[in-house]
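What follows is a set of notes on a single structure, which appears directly below.
Computation of the quantities below employed the complete heavy-atom set of this structure, encompassing side-chain atoms and omitting hydrogens, waters and symmetry-equivalent molecules. Bear in mind the structure is a predicted one, so any value in this text is a computation, not a measurement.
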Amino acid sequence: MIKFALIKERKTPPDRRVVFSPQMLKEVVSQFPEASFKVESSDIRIFTDQEYLDAGFEVSEDVSDCNILLGVKEVPIPNLIPDKKYFFFSHTIKKQPYNRDLLQEILKKNIELYDHEVITNKNNGRLIGFGRYAGLVGAYNGIRAIGIKEDKFQLPKAEGLPDLAAMLSELDNIELPNYKFVLTGSGKVARGAREILEHLNMKQVDPETYLVTEFDKPVFCHIDVLDYAKRKDGAEGSRKEFYQVPENYDSDFMKYAKTSDVFIAGHFYGEGSPVFYSEEDIRHKEFRIKYVADVSCDIAGPVASTIRPSTIAEPFYGYDPETGSEADFMDESGIAIMAVDNLPCELPKDASEGFGEMFLKHVIPAFFDDDKDGILGRARMTSEGKLTPLYSYLQDYVDNAE
């Protein structure tokens with residue numbers, strides 16, 4: 001018998017998500033009777049303690065008797081229990097300075113850390129995450145920004161709606177201007193954003209047509225790396241090479257910036273990749289983009305107008321093209337920016353249910369089949385007070401040597 005716990009989220013601002021909903025937890029123990037679960041009591045979780053009790057699970061203030069503790073966001077240092085196995089997003093694999101002390105403490109407390117972000121298949125493709133929900137809410141927020149700034153319609157905040165179905169139904173009541181939307185990315189984030197555009201019955205247009213045509217209704221163009229980047233030497237590029245040697249490429253995005261009204265950024269941005277557009281590009285007289293829904297939210301990086309993250313409470317800010325600084329969101333001459341960096345928190349019920357499905361499919365079996373596919377091995381960052389070989393590159397980070 002392996003004893004798991006669903007732990008309380010304690011990070012500020014509060015996160016209402018959870019790895020498993022009560023119904024999904026029932027499915028887990030149905031498929032794996034040798035797994036038992038205890039639920040740490042929480043007054044913020046989207047599913048109440050009573051819902052877990054009604055589903056037949058123990059709810060307690062104390063989960064220290066459990067072997068494996070399942071959470072979503074970083075566990076605050078004072079709440080870490082020594083000698084346990086933890087699953088959560090640690091935000092340390094890119095040497096994030098704000099979580100260095102967290103990783104140091106995890107090692108000190110002999111905690112075996114598994115990071116959701118590196119739960120991958122043998123080809124390093126991510127198996128679980130909240131990307132779809134980030135894309136869904138990010139695109140919705142981008143549409144919402146248009147309605148507010150232009151006083152055309154009023155969409156409620158997603159966080160105030162009960163679920164995804166309610167959010168989608170709100171979109172049925174609006175009429176968009178004849179704007180051209182460009183969407184970047186090929187993963188779960190972009191697919192989530194695309195669901196919103198398709199729900200609005202927006203026509204998809206191929207890049208060649210999009211770049212030379214104006215339309216009498218809203219349209220979108222979904223582009224991938226070779227649409228917005230080109231080899232520096234003019235030779236034909238490849239998607240594989242772009243990801244392996246991004247330094248060989250220059251940005252070719254300006255042709256979309258000159259023909260698009262709305263930019264939904266759903267791409268993954270790798271180190272060394274060309275930026276989409278610079279401050280100088282924004283000042284170009286033909287730069288047309290008026291709204292940016294930056295779901296990827298890489299600050300001061302590939303999208304020059306994304307100068308800071310925004311929040312669920314205040315999701316929008318303006319960008320002044322002339323000064324390169326923040327401006328009033330409602331200023332007509334500015335670009336409206338949406339750069340919330342925790343978008344799935346706005347749909348906690350659906351996001352939790354979707355995450356649980358993936359965790360049950362890809363991770364739980366690994367505890368009972370000797371990890372035959374290496375799922376746990378690839379995600380294990382620490383063991384016996386040390387970094388595992390896959391994550392030894394973090395040693396200097398842990399030692400404060402860089």
Mind checking ring pair (Phe, Tyr, Trp, His ring centres under 6.0 Å) for Y391 and listing every partner two or more places apart, or none if nothing turns up? none
Within the side chain of T306, is there an N or O that forms a donor-acceptor pair under 3.5 Å with the backbone of I299? no
Do side-chain atoms of N123 reach the backbone of G125 as a donor and acceptor pair under 3.5 angstrom? no
When you compare the side chains of Y210 and S260, does any donor N or O come within less than 3.5 Å of an acceptor on the partner? yes
When rounded to the nearest 0.5 angstrom, what is the spacing between OH in Y249 and CG in L226? 6.0 Å
For residues L360 and M24, report the shortest heavy-atom separation together with the two atoms involved. CD2-SD, 3.9 Å
Do side-chain atoms of T209 reach the backbone of V205 as a donor and acceptor pair under 3.5 angstrom? no
Please identify each residue that fulfils side-chain hydrogen bond (donor to acceptor under 3.5 Å, both in side chains) with S296, with sequence neighbours left out. none
Using the salt bridge (Lys or Arg N to Asp or Glu O under 4.0 Å) rule, collect all pairs that involve residues 299-308, keeping only residues at least two apart or in two chains. R308-E326
In short, salt bridge (Lys or Arg N to Asp or Glu O under 4.0 Å) pairs touching residues 125-145 with sequence neighbours left out are R132-E195
Return the CZ to CD1 distance between F153 and I174, rounded to the nearest 0.5 Å. 4.0 Å
Does the side chain of L168 reach to within under 4.5 Å of the side chain of I196, using non-hydrogen atoms? yes
Is the backbone N or O of M381 less than 3.5 Å from a side-chain atom of T388, with the two atoms forming a donor-acceptor pair by type? yes
For K149, what residues pass the side-chain contact (heavy atoms from CB on, under 4.5 Å) criterion, not counting sequence neighbours? Y291, F329, M330, A336
Return each pair, listed once, that meets side-chain hydrogen bond (donor to acceptor under 3.5 Å, both in side chains) where at least one residue sits in residues 61-81; pairs must be two or more places apart or across chains. K3-D65, K11-E74, K38-D65, D62-S64, E74-H91, E74-N99
V63 backbone acceptor or donor facing S60 side chain under 3.5 Å: no
For T12, all residues meeting side-chain hydrogen bond (donor to acceptor under 3.5 Å, both in side chains), sequence neighbours excluded: none
If you apply the rule salt bridge (charged side-chain N to carboxylate O under 4.0 Å, His left out), what do you find for K108 with E105, and how did you get there? CA-CA 5 Å; K108 199 179 297 181; E105 198 65 23; 3.8 Å; yes
Sequence neighbours left out, what passes side-chain contact (heavy atoms from CB on, under 4.5 Å) with K26? Give chain and number order. Q23, A55, F57
Is the distance from the ring center of Y228 to that of Y256 below 6.0 Å? no
Take a 6.0 Å sphere around CG of D370 and say whether it holds more than 12 heavy atoms from other residues, nucleotides or ligands. no
Is the number of heavy atoms from other residues, nucleotides or ligands under 6.0 Å of E34 CD greater than 12? yes
Look at R380 together with E112 and state whether they make a salt bridge at an N to O cut-off of under 4.0 Å. yes
Residues M167 and L161: closest non-hydrogen pair is CA-CD1, 3.6 Å
How far apart are the C-alpha atoms of V363 and L376, what are their side-chain angles, what is the distance that settles it, and do they pass the side-chain contact (heavy atoms from CB on, under 4.5 Å) test? CA-CA 7 Å; V363 183; L376 300 178; 4.1 Å; yes
Straight-line distance of L25 CG to E51 CD, nearest 0.5 Å: 12.5 Å
Report the C-alpha distance between Y52 and L6 in whole Å, list the side-chain angles of each, state the deciding distance to 0.1 Å, and finish with yes or no for side-chain contact (heavy atoms from CB on, under 4.5 Å). CA-CA 11 Å; Y52 285 100; L6 296 185; 3.8 Å; yes
Let's go through F253 and F263 carefully: what are the C-alpha distance in whole Å and the side-chain angles of both, what is the deciding distance for ring-ring contact (aromatic ring centres under 6.0 Å, His included) to 0.1 Å, and is it a yes or a no? CA-CA 11 Å; F253 184 77; F263 173 26; 4.8 Å; yes
N400 versus Q104: any side-chain heavy-atom pair under 4.5 Å? yes
Minimum-distance pair of heavy atoms, taken over all atoms of S41 and D49: OG-OD2, 2.5 Å
Atom pair CD1/CG of I93 and D115 - distance to nearest 0.5 Å: 5.5 Å
Between Y269 and P274 the two heavy atoms that sit nearest each other are CE1-O, 3.5 Å
Please confirm whether the backbone N or O of G138 pairs with a side-chain atom of N141, one donor and one acceptor, at under 3.5 Å? no
ring-ring contact (aromatic ring centres under 6.0 Å, His included) evaluation trace for Y277 with F287: CA-CA 10 Å; Y277 54 77; F287 191 92; 5.1 Å; yes
Quick one: list whatever passes side-chain hydrogen bond (donor to acceptor under 3.5 Å, both in side chains) with R194, sequence neighbours left out. E198, Q204, H222
Restricting to non-hydrogen atoms, name the atom on D350 and the atom on L164 that form the minimum distance, rounded to 0.1 Å. OD2-N, 2.7 Å
Using 0.5 Å steps for rounding, measure from the OG1 atom of T382 to the CD1 atom of I106. 6.0 Å
Verdict with reasoning, F367 to F32, per ring-ring contact (aromatic ring centres under 6.0 Å, His included): CA-CA 10 Å; F367 288 101; F32 297 93; 9.5 Å; no
Ring geometry between F359 and F87 (parallel below 30°, tilted from 30 to 60°, perpendicular above 60°): perpendicular
Apply side-chain contact (heavy atoms from CB on, under 4.5 Å) to L183 and V262, showing your working. CA-CA 9 Å; L183 166 64; V262 184; over 6 Å; no
With side-chain contact (heavy atoms from CB on, under 4.5 Å) as the criterion, how do I307 and I337 come out once you've worked through the C-alpha distance, each side chain's angles and the decisive distance to 0.1 Å? CA-CA 9 Å; I307 53 179; I337 310 298; over 6 Å; no
Does E322 reach the main-chain N or O of D320 with its side chain, forming a donor-acceptor pair under 3.5 Å? no
Just so I know, are the side chains of S352 and I46 near enough to count as touching, which here means a heavy-atom distance under 4.5 Å? yes
Under 6.0 Å from the six-membered ring centre of F355 and within 45° of its axis: does the NZ or CZ of R17 meet both? no
Suppose the criterion is salt bridge (Lys or Arg N to Asp or Glu O under 4.0 Å): which pairs have a residue in residues 213-237, not counting sequence neighbours? K180-E214, E214-R288, D224-R239, K230-D252, R231-D233, R231-E241
Closest heavy-atom pair and its distance - E384, N110: CA-OD1, 3.2 Å
Just grab all the salt bridge (Lys or Arg N to Asp or Glu O under 4.0 Å) pairs involving residues 156-177, residues at least two apart or on different chains. none
Distance, nearest 0.5 Å, that separates OH of Y114 from CD1 of I68: 7.0 Å
With sequence neighbours excluded, tell me which residues meet side-chain hydrogen bond (donor to acceptor under 3.5 Å, both in side chains) with T184. H267
For residues K94 and E271, determine if any side-chain heavy atom of one lies less than 4.5 Å from a side-chain heavy atom of the other. no
